[in-house]
J.: 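Encoded as structure tokens, here's the structure I'll be asking about.
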Amino acid sequence: MSLRLTNTLTRAKAEFVPLQAGKVSIYCCGVTVYDLCHLGHARSYIVWDVLRRYLIWLGYAVTFVQNYTDIDDKILARAAAEGSSMQAVSERNIEAFVADMAALNILPADKMPRATRSLDAIRALIGELEARGAAYSVDGDVYFAVLKHQGYGKLSGRDLAEQQDNAAGRVASSEEARKQHPFDFALWKAAKAGEPSFPSPWGPGRPGWHIECSAMVREELGASIDIHLGGADLIFPHHDNEIAQSEAATGQQLARFWLHNGMVNVGGQKMSKSLGNFTTIRALLASGVSPMTLRLFVLQAHYRKPLDFTAEALEAAATGWRGLNAALAVGRIYQGLLGWSESTAGDLAALPDELQASKERFSAAMDDDLNTAAALGELFELARPLRALANRLQRHDIPGLADLSLGGRWRLLLELAGVLGLESEQPRLPTLPGSSGNPATSAGSFPSLSETESPLGISAQGCDGEAIQALIERRKAAKAARDFATADGIRDQLRAQGIELIDRPGAITDWIQR
RNA sequence: GGCGGCAUGGCCAAGUGGUAAGGCAGAGGAUUGCAAAUCCUUUACCCCCAGUUCGAAUCUGGGUGCCGCCUCCA
């Protein structure tokens, strides 16, 4: 088995072979930091995070570089609107980006260059292009001459001659007059009055959008890299321009593999700022959607296809994640009872045939152009017996020998889920009226099972377990009196607060936080 | 107009020549005072037409519908 990826450059799946054995260099187009990230960004960076995790799992040493575009018209506009500076807007949104990515369990890039800190490399690259005759300057602007570059548009499949007519009229006429060809694009823009600018051989100004990526790739990873990532909306013109700039300067192929993710749609239309149909990552998380639910939602579709964002689909992902989470968490919650730990529960080097086959199906799915939907199917299959075990333990059934032998399955599930960046989440803390608990003390500990506390151990974790227990006692009394209306009322009341009561034999009632 | 992509059960979504994964929702059963959870069982002539083939959701041709890019965009 070997990893095969769809390469936009050839529009075909091809076996992935890195330039240097055992090493993979990846450049991922980052965000323009003029605003918060939305679900479209989340999808893109989740799937590329999975690509990266899978390559690491396969044993590659991966170097992952992702840029911040912190010079841009929109950032300037935002700064002007709020009376601050380009730098202030950028810093704020970079901070938000880092927090959002961390919340989604996306591994931070190895290097995160910024346009404002890469100006030397940018100016040097523009200078080279000019010297080679691939670029020309007009009144402080510098443009790339697309006609001078053999094969311009090869990524998007655009033909300059055919495209010329369509492009005419789409560009501001004043700018068009200065260009030799309508598709020529700015490498350097002369400063306008009142805007921040940087010195250059062509006069004060700032870099065009595309050039920063070419410069950063070369500076951080070299002339030729293994994989270049981005959203499908970047194919043209951004990536075509990037290829033209880099290859005109170095004479080498910029990237061997170009991977592009599909868009997130809302009501069949692309989520975008201009349509106003976007949901920011933090708004979604603040609404109670868990990060892992979002990952599951994204990974249940193939990365190249459009993904429709609906409340229903998200709800389905949330329910699905709850089941998967139960299986992932069982070994940790009942560690004392089962004697499992992540390092000792079963030998992953000598898996029984059934689990070995499962692992191979997972790999085969991932090898096939990151078929995460199929890989997830395998995870759910692995999880089923573990969910059943979790349920029995929740009801205080004593685990038998067959249950204990599920340790290897649990560890395998943990490992494969980890490749997708799915990790079991601790139950969220209940918030009860009058609760004065201190959530800060609750992290990380899962008490072992006992007769006097909830099996999930939440009663000891900073919420008002006594209040809940008192209600449970009242309900128990009501049930004994066959006053089910009162009993159900208490259960409904707690449910509204996110507490689920579970009756089990012996007139014992457990509760867990949803 | 040019380039590219997609159409699979109520919803989401895998599946690229051999009689349709998985998730959600639904139905029946076990369990339950009722729930919740769990377990078992169960729900598809794969947009249309024609063709290739012993055999097609999967290949070819033609339709129809939808989406993305061609301006900033993950």
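Naming: A, B, ... by sequence-line order, numbering from 1 per chain.
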J.: Rounded to the nearest angstrom, tell me the gap between atom CG in A:Asp368 and atom C1' in B:A14.
T.: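 Result: 10 Å.
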J.: Decide if the gap between the ring center of A:Phe257 and the ring center of A:Phe16 is smaller than 6.0 angstrom.
T.: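 Yes: the rings meet the under 6.0 Å criterion.
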J.: Would you mind reading off the distance between A:Leu501 atom CG and B:G33 atom C1', rounded to a whole angstrom?
T.: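 Between C1' of B:G33 and CG of A:Leu501: 15 Å.
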J.: Quick one: is B:A36 close enough that its OP1 or OP2 comes under 4.0 Å of any side-chain N or O from A:Arg322?
T.: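 For B:A36, OP1/OP2 do not have a side-chain N/O of A:Arg322 under 4.0 Å.
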J.: Where the side chain of A:Asp233 is defined as all heavy atoms beyond and including C-beta, which of B:C72, B:A74, B:G33 is the nearest nucleotide?
T.: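 For A:Asp233, the side-chain atoms sit closest to B:A74.
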J.: Mind checking A:Tyr45 for me? I need base, sugar-phosphate or nothing, with any heavy atom below 4.0 Å counting as a touch.
T.: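 Answer is sugar-phosphate: A:Tyr45 comes under 4.0 Å of backbone atoms only.
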J.: Would you say A:Asn371 reaches B:G15's phosphate, i.e. side-chain N/O to OP1/OP2 under 4.0 Å?
T.: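 For A:Asn371, the contact criterion (side-chain N or O under 4.0 Å from OP1 or OP2 of B:G15) is met.
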J.: Short question: side chain of A:Arg409, backbone of A:Leu382 - any donor-acceptor pair under 3.5 Å?
T.: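 Yes; at least one donor-acceptor contact below 3.5 Å.
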J.: Watson-Crick or G-U wobble partner for B:A36, using a 3.5 Å limit on both distances?
T.: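 B:A36 is unpaired by these criteria.
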J.: Is the ring centre of A:Phe236 less than 6.0 Å from the ring centre of A:Phe183?
T.: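 When the ring centroids of A:Phe236 and A:Phe183 are compared, they turn out to be within the sub-6.0 Å range.
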J.: Atom NE2 of A:His239 and atom C1' of B:C70: how far apart are they, to the nearest Å?
T.: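 The distance from NE2 of A:His239 to C1' of B:C70 comes to 16 Å, rounded to the nearest Å.
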J.: Looking at A:Lys305, does any N or O in its side chain come under 4.0 Å of the phosphate oxygens OP1/OP2 on B:A14?
T.: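 Checking B:A14 against A:Lys305, a side-chain N or O does come within under 4.0 Å of OP1 or OP2.
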J.: Among B:A21, B:G2, B:G23, which is the nearest nucleotide to the side chain of A:Arg158?
T.: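 Closest of the options to the side chain of A:Arg158: B:G2.
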J.: Is the centre of the A:Tyr27 ring less than 6.0 Å from the centre of the A:Phe64 ring?
T.: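 Aromatic pair excluded; centres sit 6.0 Å or further apart.
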J.: Heavy atoms under 4.0 Å, any strand shown: does A:Gly230 hit a base, just sugar-phosphate, or nothing?
T.: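 If one applies the 4.0 Å heavy-atom cut-off, A:Gly230 turns out to touch the sugar-phosphate alone, with no base involved.
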J.: For B:G26 and B:A35, measure between their P atoms and round to the nearest Å.
T.: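 Per the computed distance, 14 Å lies between those P atoms.
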J.: Would you measure the distance from the P atom in B:A50 across to the matching atom in B:U16 and give it in whole Å?
T.: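 Their P atoms lie roughly 26 Å apart.
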J.: Does the gap between the ring centers of A:Tyr143 and A:Trp188 come in under 6.0 Å?
T.: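 A:Tyr143 vs A:Trp188: aromatic centres not under 6.0 Å.
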J.: A:Arg295 CZ to B:A13 P: how many Å, rounded?
T.: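 Value for this atom pair: 19 Å.
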J.: Tell which nucleotide pairs with B:A74, taking only Watson-Crick or G-U wobble pairs whose two distances are both under 3.5 angstrom.
T.: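 In the structure as shown, B:A74 has no Watson-Crick or wobble partner.
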J.: Return the value, rounded to whole Å, for the distance between atom CG of A:Leu160 and atom C1' of B:C70.
T.: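 Rounding to the nearest Å, CG of A:Leu160 and C1' of B:C70 are 12 Å apart.
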J.: To the nearest Å, give me how far apart CE (A:Met101) and P (B:A74) are.
T.: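 Rounding to the nearest Å, CE of A:Met101 and P of B:A74 are 11 Å apart.
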J.: For a quick check of understanding: with a heavy-atom distance under 4.0 Å over all strands, which category does A:Leu296 fall into, base, sugar-phosphate or nothing?
T.: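 Touches nothing.
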J.: Can you figure out which of B:C69, B:U16, B:G23 approaches the side chain of A:Lys270 most closely?
T.: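 Out of B:C69, B:U16, B:G23, the nucleotide with an atom closest to A:Lys270's side chain is B:C69.
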J.: Is A:Ala301 touching bases, backbone alone, or none of the nucleic acid, heavy atoms closer than 4.0 Å?
T.: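 The answer is sugar-phosphate, as A:Ala301 gets under 4.0 Å only of primed atoms, P, OP1 or OP2.
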J.: Which part of the nucleic acid, if any, lies within contact of A:Ala373, taking any heavy atom under 4.0 Å across all strands shown: a base, the sugar-phosphate backbone alone, or nothing?
T.: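 Here A:Ala373 touches the bases of the nucleic acid.
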J.: Nearest to the side chain of A:Arg11, which nucleotide is it out of B:C24, B:A74, B:C3?
T.: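 Looking only at side-chain atoms, A:Arg11 lies closest to B:C3.
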J.: Just name whichever nucleotide pairs with B:C3, Watson-Crick or G-U, keeping both distances under 3.5 Å, else none.
T.: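 Answer to the pairing question: B:G68, which forms a Watson-Crick or G-U pair with B:C3.
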J.: At under 4.0 Å between heavy atoms, what does A:Gly30 touch on the DNA or RNA strands: base, sugar-phosphate, or nothing?
T.: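 The answer is sugar-phosphate, as A:Gly30 gets under 4.0 Å only of primed atoms, P, OP1 or OP2.
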J.: Dump the intermediate steps for salt bridge (charged side-chain N to carboxylate O under 4.0 Å, His left out) on A:Asp368 and A:Arg4, then the final yes or no.
T.: CA-CA 5 Å; A:Asp368 183 17; A:Arg4 294 169 64 79; 5.8 Å; no
J.: Side chain of A:Lys479 only, heavy atoms from C-beta on: which candidate in B:A13, B:G33, B:A74 is closest?
T.: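 Among the listed nucleotides, the one closest to the side chain of A:Lys479 is B:G33.
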J.: Using atom C1' of each nucleotide, how far apart are B:G22 and B:G18 to the nearest Å?
T.: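 Between the two C1' atoms, the distance is 22 Å.
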J.: Determine the Euclidean distance between corresponding C1' atoms of B:U31 and B:U38; express it in Å to zero decimal places.
T.: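 One C1' to the other, the span is 9 Å.
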J.: Ignoring the backbone of A:His38, work out which of B:A74, B:C34, B:C69 is nearest its side chain.
T.: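 Of all the options, the side chain of A:His38 is nearest to B:A74.
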J.: Contact class for A:Arg495 vs. all strands (heavy atom < 4.0 Å): base, sugar-phosphate, or nothing?
T.: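 It contacts sugar-phosphate atoms only.
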J.: Can you tell me the Watson-Crick or wobble partner of B:C24, both distances under 3.5 angstrom?
T.: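 Result: B:G10.
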J.: With nearest nucleotide decided by heavy atoms, which residue, A:Asn265 or A:Arg387, maps closer to the 5′ end of RNA chain B?
T.: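 Comparing both residues, the 5'-ward one is A:Arg387.
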J.: Roughly how many Å is it from CD1 in A:Ile235 to P in B:C69, rounded to a whole number?
T.: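 Whole-Å distance recorded here is 11 Å.
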J.: So A:Glu381, base contact, sugar-phosphate only, or nothing? Heavy-atom distance under 4.0 Å.
T.: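 Sugar-phosphate contact only.
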J.: If stacking means aromatic ring centre less than 5.5 angstrom from the base's six-membered ring centre, planes under 30°, is A:Phe484 stacked on B:G33?
T.: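 According to the criterion (under 5.5 Å, under 30°), yes, A:Phe484 stacks.
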J.: Between A:His239 and A:His210, does the ring centre distance come in under 6.0 Å?
T.: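 Not under 6.0 Å, so no.
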J.: Pick base, sugar-phosphate or nothing for A:Arg475, based on heavy-atom distances below 4.0 Å to the nucleic acid.
T.: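 Contact class for A:Arg475: base.
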J.: Between the side chains of A:Asp488 and A:Thr486, is a donor N or O closer than 3.5 angstrom to an acceptor N or O?
T.: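 A:Thr486 and A:Asp488 do not have a side-chain donor-acceptor pair below 3.5 Å.
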J.: Can you check the distance between B:G65 and B:U8, where both ends of the measurement are the C1' atom (answer in whole Å)?
T.: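 These two C1' atoms come out 16 Å apart once rounded.
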J.: Which part of the nucleic acid, if any, lies within contact of A:Arg491, taking any heavy atom under 4.0 Å across all strands shown: a base, the sugar-phosphate backbone alone, or nothing?
T.: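 Since a base atom lies under 4.0 Å of A:Arg491, the category is base.
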J.: From C-beta outward on A:Met271, which listed nucleotide comes closest to its side chain: B:A74, B:C24, B:C70?
T.: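 Among the listed nucleotides, the one closest to the side chain of A:Met271 is B:A74.
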J.: Rounding to an integer number of Å, can you tell me how far A:Arg384 CZ sits from B:C40 C1'?
T.: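 One finds 11 Å between C1' of B:C40 and CZ of A:Arg384, rounded.
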J.: When you compare B:C39 with B:C49, how far apart are their C1' atoms, in angstrom units rounded to a whole number?
T.: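 It comes out at 47 Å once rounded to the nearest Å.
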J.: Could you measure between the two P atoms, the one in B:U19 and the one in B:G63, and give it in whole Å?
T.: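 The same atom, P, in both gives a distance of 33 Å.
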J.: Base, sugar-phosphate, or nothing: which does A:Arg304 touch, judged by heavy atoms less than 4.0 Å apart?
T.: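 Answer is nothing: A:Arg304 stays at 4.0 Å or more from every strand.
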J.: When all nucleic acid strands are considered with a 4.0 Å heavy-atom cut-off, which category describes A:Leu234: base, sugar-phosphate, or nothing?
T.: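 A:Leu234: backbone/sugar contact only, no base atoms under 4.0 Å.
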J.: Decide yes or no on side-chain hydrogen bond (donor to acceptor under 3.5 Å, both in side chains) for A:Asp100 and A:Tyr45, but give the supporting numbers first.
T.: CA-CA 11 Å; A:Asp100 288 350; A:Tyr45 300 138; over 6 Å; no
J.: Counting side-chain heavy atoms from C-beta on, which of B:A13, B:A37, B:U16 comes nearest to A:Lys13?
T.: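 When the side chain of A:Lys13 is considered, B:U16 is the closest of B:A13, B:A37, B:U16.
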J.: Nearest to the side chain of A:Ser44, which nucleotide is it out of B:C39, B:A74, B:A35?
T.: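 Ranking B:C39, B:A74, B:A35 by closest atom to the A:Ser44 side chain puts B:A74 first.
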J.: In terms of ring plane angle, is the pair A:His38 and A:Phe278 parallel, tilted or perpendicular, where the classes change at 30° and 60°?
T.: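 Taking A:Phe278 first and then A:His38, their aromatic rings sit tilted (interplane angle of 30° to 60°).
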J.: Could you give the distance separating B:G5 and B:G61 at their P atoms, to the nearest angstrom?
T.: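 It works out to 13 Å between them.
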J.: According to the Watson-Crick and G-U wobble definitions, with both distances under 3.5 Å, which nucleotide is paired to B:C45?
T.: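 Base-paired to nothing in any strand shown.
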J.: Checking base pairs now: Watson-Crick or wobble, both atom distances under 3.5 Å. What partners B:C59?
T.: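 In the structure as shown, B:C59 has B:G51 as its Watson-Crick or wobble partner.
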J.: With nearest nucleotides of RNA chain B determined for A:Pro306 and A:Asp503 from heavy-atom distances, which residue corresponds to the more 5′ nucleotide?
T.: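 So the residue in question is A:Pro306.
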